[in-house]
J.: 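Just dropping this structure here.
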Amino acid sequence: MLVVCGVIIRAQILVAETEDGLTYLEKPTEDNVRVLLQQLTARVEKLEKDNEDRGKSQVAFSASLVTTEQWTHQGPFNTDTTLLFKKVTTNIGNAYNPLTGIFTPPMKGLYYIRFTGCVGDSGSLNAALRKNGLSMFAIYDTRGTHGCGSNGMTLVLEKGDLLWVTLWTQQSIFDQTRLSTFSGFLVFPM
């Protein structure tokens with residue numbers, strides 16, 4: 001503290017707010033130093049709070065369809081099916097649930113969401129990202145087994161929205177630990 005005060009007294013010091021928040025005077029006084037310390041303390045407290053808030057707003061997840069390294073095909077099914085991406089690689093904020101396949105944003109913000117899938121035994125893949133039951137984007141591939149498709153977009157999501165991937169009727173998908181994936185992250189809170 002004494003070193004800081006000594007440096008401040010020898011240099012120009014801050015004593016009042018202007019457009020950029022600071023004014024410089026050449027002759028330091030005890031009052032000027034006290035004001036400067038109050039300003040610096042307030043700035044440090046604001047930076048610490050901003051840093052703490054930033055830590056709370058970190059959300060990211062990435063999961064693949066299966067946990068095994070074996071070639072695993074799912075489908076075709078007789079009904080539309082929610083895919084459960086079971087091998088969770090990243091789940092910062094714990095907003096993705098591998099038991100339900102649903103991502104639930106913990107706060108309102110702009111999120112980037114991506115889904116990649118590889119065609120399974122049926123020879124065609126048609127799947128969609130759903131938000132609260134509405135289709136947001138899809139992938140479609142009919143090139144035959146093992147063809148892949150990927151799509152993603154930024155979405156403004158509200159706290160508590162529900163996002164999942166639906167495999168449409170009579171379609172199939174395959175994975176071998178990280179070929180078919182569901183991922184997303186918070187770009188910034190709103």
Side-chain angles (χ1 to χ4, degrees), residues 51-190:
N51 191 41
E52 181 180 319
D53 290 346
R54 187 171 36 115
K56 291 178 185 173
S57 67
Q58 294 179 346
V59 180
F61 75 97
S62 189
S64 53
L65 198 56
V66 297
T67 59
T68 178
E69 291 188 18
Q70 301 297 318
W71 293 94
T72 304
H73 294 260
Q74 293 185 8
F77 301 107
N78 292 328
T79 61
D80 299 341
T81 303
T82 298
L83 294 175
L84 306 179
F85 293 83
K86 295 181 180 181
K87 184 176 180 82
V88 177
T89 304
T90 304
N91 200 6
I92 298 168
N94 293 314
Y96 175 72
N97 184 339
L99 300 176
T100 63
I102 296 174
F103 169 68
T104 307
M107 68 189 67
K108 181 178 181 176
L110 181 70
Y111 291 80
Y112 180 76
I113 307 295
R114 182 160 206 83
F115 163 55
T116 300
C118 298
V119 181
D121 286 337
S122 71
S124 65
L125 170 63
N126 191 357
L129 178 85
R130 312 271 290 169
K131 173 186 161 190
N132 301 327
L134 300 173
S135 291
M136 302 310 296
F137 62 85
I139 60 173
Y140 179 76
D141 192 322
T142 59
R143 291 177 289 172
T145 304
H146 302 164
C148 295
S150 187
N151 203 350
M153 68 172 37
T154 54
L155 297 169
V156 174
L157 301 176
E158 299 289 334
K159 177 180 180 177
D161 279 343
L162 303 175
L163 275 77
W164 66 90
V165 177
T166 295
L167 181 67
W168 299 119
T169 304
Q170 300 306 315
Q171 304 297 302
S172 63
I173 190 170
F174 89 93
D175 191 21
Q176 182 195 25
T177 73
R178 299 187 189 117
L179 294 174
S180 294
T181 59
F182 180 29
S183 302
F185 59 88
L186 175 65
V187 177
F188 56 81
M190 297 172 72

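Quantities reported herein were computed from a predicted structural model and do not represent experimental measurements.
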J.: For T142, which residues count as a side-chain hydrogen bond (donor to acceptor under 3.5 Å, both in side chains) partner, sequence neighbours excluded?
T.: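 Scan of T142 (side-chain hydrogen bond (donor to acceptor under 3.5 Å, both in side chains), adjacent residues dropped) gives none.
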
J.: Taking distance alone, no hydrogens or angles, what donor-acceptor pairs closer than 3.5 Å link side-chain atoms of residues 147-157 to residues at least two apart or in another chain?
T.:
{"unit_1": "S150", "atom_1": "OG", "unit_2": "R114", "atom_2": "NE", "d": "3.2"}
{"unit_1": "S150", "atom_1": "OG", "unit_2": "R114", "atom_2": "NH2", "d": "3.2"}
{"unit_1": "S150", "atom_1": "OG", "unit_2": "F115", "atom_2": "O", "d": "3.4"}
{"unit_1": "S150", "atom_1": "OG", "unit_2": "T116", "atom_2": "OG1", "d": "2.7"}
{"unit_1": "N151", "atom_1": "ND2", "unit_2": "A138", "atom_2": "O", "d": "3.0"}

J.: Quick check: closest heavy atoms across P76 and S172, and the distance to 0.1 Å?
T.: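 In this case the closest contact between P76 and S172 is N-CB, 3.9 Å.
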
J.: Which residue pairs pass the disulfide bond (SG atoms under 2.5 Å apart) test with at least one member in residues 155-187, sequence neighbours excluded?
T.: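 Checked against disulfide bond (SG atoms under 2.5 Å apart) - neighbours excluded - no pair reaches residues 155-187.
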
J.: Only pairs at least two apart or in different chains count here, so list each salt bridge (charged side-chain N to carboxylate O under 4.0 Å, His left out) that has a residue in residues 167-177.
T.: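 Found none.
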
J.: For a side-chain contact (heavy atoms from CB on, under 4.5 Å) check, start with the C-alpha distance between I113 and M136, then their side-chain angles and the critical distance, and finish with the verdict.
T.: CA-CA 10 Å; I113 307 295; M136 302 310 296; over 6 Å; no

J.: What residues, two or more places apart in sequence or in another chain, satisfy side-chain hydrogen bond (donor to acceptor under 3.5 Å, both in side chains) together with T81?
T.: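 Scan of T81 (side-chain hydrogen bond (donor to acceptor under 3.5 Å, both in side chains), adjacent residues dropped) gives none.
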
J.: Identify all side-chain donor-acceptor contacts of residues 100-109 below 3.5 Å with residues at least two apart in sequence or on another chain.
T.:
{"unit_1": "T100", "atom_1": "OG1", "unit_2": "N97", "atom_2": "O", "d": "3.4"}
{"unit_1": "T100", "atom_1": "OG1", "unit_2": "I102", "atom_2": "N", "d": "3.3"}

J.: I173 and G117: which non-hydrogen atoms are nearest, and at how many Å?
T.: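 Where I173 meets G117 most closely, the heavy atoms are CD1-CA, 4.0 Å.
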
J.: Rounded to the nearest 0.5 Å, how far apart are CD of Q170 and CZ of F77?
T.: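 If I round to the nearest 0.5 Å, the distance is 10.5 Å.
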
J.: Would you say the side chain of I139 lies within less than 4.5 Å of the side chain of L125, judging by non-hydrogen atoms?
T.: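 Side chain of L125 against side chain of I139, heavy atoms only: contact under 4.5 Å found.
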
J.: Could you give the distance from CD (Q74) to OG (S122), rounded to the nearest 0.5 Å?
T.: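 Taking CD in Q74 and OG in S122, the distance rounds to 12.0 Å.
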
J.: List in chain and number order the residues that pass side chain to side chain contact (heavy atoms under 4.5 Å, CB included) with E69, two or more places apart in sequence or in another chain; answer none if no residue qualifies.
T.: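 Residues passing side chain to side chain contact (heavy atoms under 4.5 Å, CB included) with E69: T177.
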
J.: Does the S180 side chain pair with the main chain of F174, one donor and one acceptor, at a distance under 3.5 Å?
T.: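 Checking the backbone N and O of F174 against the side chain of S180, a donor-acceptor pair under 3.5 Å is found.
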
J.: Do Q176 and T68 have side chains that approach each other closer than 4.5 Å (heavy atoms only, starting at C-beta)?
T.: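 No, side chains not in contact.
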
J.: Can you list every pair that meets ring-ring contact (aromatic ring centres under 6.0 Å, His included) and has a residue in residues 117-144, with sequence neighbours left out?
T.: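 Counting only pairs at least two positions apart or across chains, no ring-ring contact (aromatic ring centres under 6.0 Å, His included) contact touches residues 117-144.
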
J.: Go through the structure and list residues passing side chain to side chain contact (heavy atoms under 4.5 Å, CB included) with V187, not counting sequence neighbours.
T.: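 Side chain to side chain contact (heavy atoms under 4.5 Å, CB included) check on V187 returns L110, Y112, F185.
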
J.: Mind telling me whether F182 and F61 have parallel, tilted or perpendicular rings, with 30° and 60° as the class edges?
T.: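 Ring orientation, 0 to 90° scale: perpendicular.
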
J.: Please lay out, stage by stage, how S62 and S183 fare under the test side chain to side chain donor-acceptor pair (under 3.5 Å).
T.: CA-CA 4 Å; S62 189; S183 302; 2.8 Å; yes

J.: Look at the side chain of Y96 and the backbone N and O of V88, then say whether any donor-acceptor pair between them is shorter than 3.5 Å.
T.: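 No; zero donor-acceptor contacts below 3.5 Å.
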
J.: Do you know which two heavy atoms are closest between S124 and V119, and how far apart they sit?
T.: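 Closest pair (atom of S124, atom of V119, distance): N-CG1, 3.3 Å.
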
J.: Any side-chain heavy-atom pair from T82 and R130 closer than 4.5 angstrom?
T.: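 No, side chains not in contact.
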
J.: Quick one: side-chain hydrogen bond (donor to acceptor under 3.5 Å, both in side chains) partners of T166, sequence neighbours excluded?
T.: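 W164.
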
J.: Can you pull the salt bridge (charged side-chain N to carboxylate O under 4.0 Å, His left out) pairs that have at least one residue in residues 76-104, sequence neighbours excluded?
T.: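 Salt bridge (charged side-chain N to carboxylate O under 4.0 Å, His left out) check on residues 76-104 returns no pairs.
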
J.: Just to verify, what does D161 make a side-chain hydrogen bond (donor to acceptor under 3.5 Å, both in side chains) with, not counting sequence neighbours?
T.: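 Once residues adjacent in sequence are excluded, the partners of D161 under the side-chain hydrogen bond (donor to acceptor under 3.5 Å, both in side chains) criterion are N132.
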
